[in-house]
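Some notes on the structure that comes next.
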Amino acid sequence: MDRIPILQMGDTLLVTIQVDMQDQMALALQDDLANKISASGAKGVLIDISALEIVDSFVGRMLAGISGISRILDATTVVVGMQPAVAITLVELGLSLQGVRTALNVERGMELLAQGRREKALAR
């Protein structure tokens, strides 16, 4: 089974999904990210889905699940590059991705992660 690469840049993990994900690949990504966050102490996860033209309810739930797992492991997740058709499909499926932060592109996603780190630092 193919796995989606997870790159580390400082305290941020970068994931670029370039293929239509099958259920097993999505589950493997969820497990791999949880393990990588735990092992690296990453504080941010940026998932680029700009190459995805369609999503199903399972992939939508998986994105929400990754965000929840990340939060529990003290990391913030931002999903970037969502195509309008993907956003429409998620809404039609009733998946609002509660708790998932989104940005239009990688640059804005990195800004959101940096802003979140600053807010956490001020709260401490």
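Computed from a predicted model, the values in this text were never measured in an experiment.
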Between D32 and R3, is a side-chain contact (heavy atoms from CB on, under 4.5 Å) present by the stated rule, with each step listed? CA-CA 9 Å; D32 292 347; R3 290 187 119 65; 2.9 Å; yes
Is any side-chain heavy atom of [Y] closer than 4.5 Å to one of [X]?
| X | Y | value |
| --- | --- | --- |
| V78 | T102 | no |
| L46 | M110 | yes |
| I49 | I47 | yes |
| L97 | M82 | yes |
| L29 | I66 | yes |
| E107 | E111 | yes |
| L104 | V80 | no |

Please answer: with hydrophobic residues joined when any side-chain heavy atoms are less than 4.5 Å apart, are [X] and [Y] in the same cluster?
| X | Y | result |
| --- | --- | --- |
| V100 | L113 | no |
| M62 | L52 | yes |
| V86 | I88 | no |
| V79 | V19 | yes |
| L13 | I69 | yes |

Stepwise side-chain contact (heavy atoms from CB on, under 4.5 Å) check, V15 with I4: CA-CA 7 Å; V15 178; I4 296 172; 3.7 Å; yes
Interatomic spacing from [atom1] in [X] to [atom2] in [Y] - rounded to 0.5 Å:
| X | Y | atom1 | atom2 | answer |
| --- | --- | --- | --- | --- |
| M25 | Q30 | CE | CD | 14.5 Å |
| I6 | I37 | CD1 | CD1 | 8.0 Å |
| L63 | F58 | CG | CZ | 10.5 Å |
| M21 | D2 | CE | CG | 13.0 Å |
| S67 | L33 | OG | CG | 11.0 Å |
| T76 | Q115 | OG1 | CD | 10.5 Å |

Tell me, please, which residues at least two apart from T16 pass side chain to side chain donor-acceptor pair (under 3.5 Å).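 Applying side chain to side chain donor-acceptor pair (under 3.5 Å) to T16 gives none.
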Partner set under salt bridge (Lys or Arg N to Asp or Glu O under 4.0 Å) for [X], not counting sequence neighbours:
| X | answer |
| --- | --- |
| K36 | none |
| D11 | R117 |
| D23 | none |

Going by side chain to side chain donor-acceptor pair (under 3.5 Å), name the pairs with one or both residues in residues 44-59, residues two or more places apart or in two chains.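 Residue pairs passing side chain to side chain donor-acceptor pair (under 3.5 Å), neighbours aside: D48-S50, S57-R61.
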Where at least one partner belongs to residues 80-92, residue pairs that pass side chain to side chain donor-acceptor pair (under 3.5 Å), sequence neighbours excluded: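 Sorted result for residues 80-92: empty, none.
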Using modelled atom types and a 3.5 Å cut-off, is there a donor and acceptor pairing between side-chain atoms of Q8 and backbone atoms of G10?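 Checked: pair present.
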Of all heavy-atom pairs between V45 and S70, which one has the smallest distance, and what is that distance?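 That closest heavy-atom pairing would be CG2-OG, 3.9 Å.
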Between A42 and A75, which heavy-atom pair has the shortest distance, and what is it?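 Residues A42 and A75, closest heavy atoms: O-CB, 3.5 Å.
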